[in-house]
J.: 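Below is a structure I'd like to ask you about.
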Amino acid sequence: MDLVREPLEFQSRAAELRAAGKRLGFVPTMGALHRGHMALVETARQHGEVVAVSVFVNPTQFGPNEDLARYPRTLDSDLEQCRAAGVDLVFAPEAGAMYLPGEQTRVSVGAMANGLCGASRPNHFSGVCTVVSKLFALVGPSTAVFGRKDYQQWKILERMTQDLFLPIRVVSRATEREADGLALSSRNLRLSADARERALGLVKGLSRAQRAFERGVRNADELEGVVRGAIEASGLRVDYASCVDADSLERFDGRTKERALLATAAFADDVRLIDNVVLGEEPPLGVP
Ligand code: PAF
């Protein structure tokens, strides 16, 4: 496995591989890798002969009062996991390397970025789309793989790829969970034992709402209320609980469709966690 730190060197390496006829599967990450990322690597392997992973904590997707400085950085362990998973190429640029001095360019996103996480993180998706387009330009992958825990991110990046005519297939993979249902996330590393327990409020709420949907509840407010109730009862602070169209991400006013995204974000102490379920599509979360 090769580790490359310089963007242009990475671009040349990827170009050489493509020139040798290899299809590249790409998994962009911010590091602090876990089983969920390794599942994305497995999916990338199914789509390409060579798998590249990037590890870069992207400053432009963090707001001024967010956890950029506290975001977990575990490069040695990340490299070990990539090696064990058979990753071919890791790109881990230095902090400033992806934004050149005097840089002027950001990708801006339309209404899909206004709700859900975008409502409380105003420039977040612009930062995500900016860095992902840079990474796509460096790698030139055939396929890029994203986790559905970040459902809004996946949908926005899928749309960006389409809008910019990028010749890249955007593939998603289901959220990986702990045995008790907690969605895997790099930020789980920042949870105290007590906050880890309370964090189950998100999946409990989604699971209860999923059961309500199965019983026939189709009122968006009611489904959102179930999620909020469970999260608040767990002692977390709700950022949002929203029931939206699973493709356009537009909020339902009243009745939901037979397939709907129920997404939530909440704070366990100062750690912001997200989770979601696609009602009418995903198997039962099965959390009491
Ligand atoms: O999901 C993430 O880890 C990040 O948002 C991404 C896609 C690597 C962009 O920085």
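Atoms within a ligand are numbered from 1 in the order they appear, just like the ligands themselves. Bear in mind the structure is a predicted one, so any value in this text is a computation, not a measurement.
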J.: Partners of E258 by salt bridge (Lys or Arg N to Asp or Glu O under 4.0 Å), sequence neighbours excluded?
T.: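 Testing E258 for salt bridge (Lys or Arg N to Asp or Glu O under 4.0 Å), a comparison that skips the adjacent residues, returns R218, R255.
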J.: Going by the atom numbers of ligand 1, which of them fall below 4.0 Å from some non-hydrogen atom of P28?
T.: 8 (C)
J.: Among V227, L285, I231, L202, which residue meets the side chain to side chain contact (heavy atoms under 4.5 Å, CB included) test with D275?
T.: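 Answer to the side chain to side chain contact (heavy atoms under 4.5 Å, CB included) test with D275 among V227, L285, I231, L202: L202.
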J.: I want to confirm something. Looking only at heavy atoms, which of Q61, M30, H37 is nearest to atom 9 (C) of ligand 1?
T.: Q61
J.: Using a 4.0 Å cut-off to any heavy atom of Q153, which atoms of ligand 1 qualify?
T.: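 Atoms satisfying the 4.0 Å criterion: 1 (O), 2 (C), 4 (C), 5 (O), 7 (C).
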J.: List the atom pairs, donor and acceptor, that lie under 3.5 Å between side-chain atoms in residues 12-21 and the rest of the protein, sequence neighbours left out.
T.:
residue, atom, partner, partner atom, Å
S12, OG, L8, O, 3.0
R13, NH2, D2, OD2, 2.4
R18, NH1, V139, O, 2.6

J.: At less than 4.0 angstrom from any non-hydrogen atom of V131, what atoms of ligand 1 do you find?
T.: 9 (C), 10 (O)
J.: Of the options T264, D239, D150, L116, which is the one that meets I274 in a side chain to side chain contact (heavy atoms under 4.5 Å, CB included)?
T.: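 Testing each of T264, D239, D150, L116 against I274, the sole residue satisfying side chain to side chain contact (heavy atoms under 4.5 Å, CB included) is D150.
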J.: Hey, are R148 and S172 close enough side-chain-wise for a donor-acceptor pair under 3.5 Å?
T.: yes
J.: I need the contact type for T29 against ligand 1. Using non-hydrogen atoms and a strict under-4.0 Å cut-off, is it side chain, backbone, both or neither?
T.: backbone
